[in-house]
Q: 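Once you've had a glance at the structure underneath, I'll fire off some questions.
Remember, it's 1-based here, ligands and their atoms both numbered in the order they're listed. Note that this is a predicted model, so its numbers are computed, not measured. This chain uses plain numbering: 1 for the first residue, then up along the sequence.
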Amino acid sequence: MPLMPRLDELEVDEPRGEQDPPGKDFGSRVELALSASNHLLNARNSPRYVAQVLQGVTAVATKLERTTRPFTGVGPSEVKARVGAVDLETPLPDTAAALQELEDVYLRDAIYFHDAKYAAHLNCPVVIPALVGEAVLSAVNSSMDTWDQSAGATMIERRLIDWSAERLDLGDDADGIFTSGGSQSNLQALLIARNHAVAGLRQDPARAGLRLPALLDSLRIFTSEDSHFSIQKSASLLGMGFDAVITVPCTGDHRMDPAALAEAMAAASGAGLTPMAVVATAGTTDFGAVDPLAELAALARAYGAWFHVDAAYGGGLMVSGRYRHLLDGTRLADSVTVDFHKTFFQPVSSSALLVRDRTMLRHITYYADYLNPESAALAEIPNQVDKSIQTTRRFDALKLWLTLRIMGGDAIGALFDEAIDLAARVGTLLAADDDFELAAPPQLSTLVFRYRPRLASGGRLSEDAADALNPAIRAAIFASGEAVVAGTKVGGRHYLKFTLLNAEATLGDISQIINFLRRTGAGLLQSEVSA
Ligand SMILES: Cc1ncc(COP(=O)(O)O)c(C=O)c1O
């Protein structure tokens with residue numbers, strides 16, 4: 001514990017100004033702290049701030065100008081050795097030196113999502129207005145938990161929540177909150193749904209006095225076999241266990257089968273279980289499928305279950321010029337997840353959870369005297385922490401705000417529409433190509449397919465051989481750095497996957513990737529034959 005000085009020892013107006021960097025053997029911690037204060041962002045240091053941030057931004061811009069493929073193909077052990085060799089106890093002389101080192105430990109070998117041959121996961125190239133927002137929000141560093149840490153930021157976030165809810169047609173009583181990502185939005189939706197269901201169970205006098213764990217056992221969540229794994233993880237985090245999630249089969253188009261859901265809900269209900277929530281997906285991770293929202297909403301309502309729509313991927317459709325109708329059913333949802341860091345071309349992180357009935361957010365409110373006392377809520381002080389499962393929270397909404405103010409929502413929708421249309425054209429190519437099998441026609445901007453060439457005999461390469469080959473093709477392409485594609489399984493078999501989110505990628509770019517895949521597959525087959 002520091003010793004409190006005597007009152008007569010205090011110098012109230014200690015001078016503060018430009019400090020020399022400490023010499024090699026700076027005398028004291030005080031000297032070091034004075035010199036370190038040159039790095040604090042404040043009025044005195046603002047020229048330094050501009051110069052240093054510009055150096056960082058220039059390093060990235062130069063990198064982008066010189067990068068010709070999405071990846072170098074470096075392996076983990078090489079990067080681990082390079083990062084491990086950095087002496088964290090000895091700072092470098094200046095920002096330029098640190099950025100030069102960063103080239104070796106990060107920038108050179110990063111995965112670049114803006115490159116037309118990055119076609120793997122749901123990562124988007126980011127728009128520049130959002131990067132301006134990113135720079136502003138980290139420098140001002142508002143924290144969204146309470147009004148007294150955020151002020152205007154709170155109002156901007158609230159306005160964007162209202163804007164999103166309106167676009168999703170959630171009605172006048174809607175509300176929501178920005179979150180760190182789709183997984184967190186889904187978790188918060190299911191936390192609200194769980195607490196709402198538990199409040200319902202407690203209406204029964206026989207259960208009114210039971211503690212939470214005793215009530216969780218009977219709750220079930222229904223979601224399709226193709227939904228995101230954050231639903232299972234949420235169930236586990238909510239104390240219900242992975243197996244509280246009942247996976248419902250899909251129809252041939254990879255959308256949840258309403259007949260199968262009706263059957264599963266009836267069976268659970270008949271067994272004395274409580275259908276807590278139905279989670280539909282608007283844009284599944286693999287097939288981009290949008291579940292039949294209206295039919296699923298009706299079933300959820302019939303059983304008194306919460307209806308959540310995970311539109312982490314499909315959320316961008318709300319600004320689409322051509323495909324907005326795919327989201328029509330969100331107007332029936334109790335809650336919706338939207339990931340701005342996927343189909344709104346925002347940098348990580350930026351997501352939101354929207355709820356139809358703002359009073360439902362009370363299920364996660366907890367007042368703390370040191371932060372958000374109940375008296376503040378009664379005085380209508382807008383403390384966003386009352387609606388969030390995070391405390392300190394980034395002002396991610398600013399990125400979307402500047403994107404809408406500089407580009408506009410229609411422009412964002414146009415970028416997503418381009419990616420969807422490109423996927424349709426790639427689908428036509430793959431379906432006509434005898435070396436590949438397309439698992440299903442594209443629905444948003446993903447394509448699931450595998451290399452399974454026709455043989456001289458007229459038949460195709462065997463399923464087992466294709467299973468061994470496709471992951472090997474993917475790994476070889478990744479190691480080459482020429483392109484990055486994803487992999488998945490369909491019906492237990494290995495497939496490759498493109499996720500297209502780059503409006504600048506052309507059919508020519510994607511055909512080149514297809515030809516890399518073909519050449520690599522043929523080469524691997526050949527080396528097997530000759531081995
Ligand atoms: C349908 C769906 N839901 C949720 C998520 C999770 O989102 P996040 O990675 O932002 O947590 C994803 C991620 O790809 C997704 O595809």
Q: Show me the donor-acceptor pairs, under 3.5 Å and distance only, between side chains in residues 135-145 and residues at least two apart or in other chains.
A:
unit_1	atom_1	unit_2	atom_2	d
Ser138	OG	Glu134	O	2.6
Ser143	OG	Asp145	OD1	2.6
Ser143	OG	Arg393	N	3.3
Asp145	OD1	Gln149	NE2	3.2
Asp145	OD2	Gln149	NE2	3.2

Q: Do Ile412 and Met407 have side-chain heavy atoms sitting under 4.5 Å apart?
A: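 A side-chain contact under 4.5 Å exists here.
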Q: Considering residues at least two apart in sequence or located in another chain, which fulfil the ring-ring contact (aromatic ring centres under 6.0 Å, His included) criterion with His196?
A: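 Testing His196 for ring-ring contact (aromatic ring centres under 6.0 Å, His included), a comparison that skips the adjacent residues, returns Trp306, His363.
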Q: Anything under 3.5 Å between an N or O on ligand 1 and a protein N or O? List each pair with its distance, or write none.
A:
unit_1	atom_1	unit_2	atom_2	d
ligand 1	3 (N)	Asp310	OD1	3.2
ligand 1	3 (N)	Asp310	OD2	2.6
ligand 1	7 (O)	Gly182	N	3.4
ligand 1	7 (O)	Asp339	OD2	3.3
ligand 1	7 (O)	Lys342	NZ	3.1
ligand 1	10 (O)	Gly182	N	2.8
ligand 1	10 (O)	Asp339	OD2	2.8
ligand 1	10 (O)	His341	NE2	2.8
ligand 1	10 (O)	Lys342	NZ	3.1
ligand 1	11 (O)	Gly182	N	3.3
ligand 1	11 (O)	Ser183	N	2.8
ligand 1	11 (O)	Ser183	OG	2.7
ligand 1	16 (O)	Thr285	OG1	2.8

Q: In chain order, what residues pass the ring-ring contact (aromatic ring centres under 6.0 Å, His included) check against Phe307, with sequence neighbours excluded?
A: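 None.
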Q: Decide yes or no for Leu361 and Ile192: does some side-chain heavy atom of the first lie under 4.5 Å from some side-chain heavy atom of the second?
A: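 Yes, side chains in contact.
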Q: Is Arg493 salt-bridged to Asp467, cutoff N-O under 4.0 Å?
A: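 A salt bridge is present here (some side-chain N lies under 4.0 Å from a carboxylate O).
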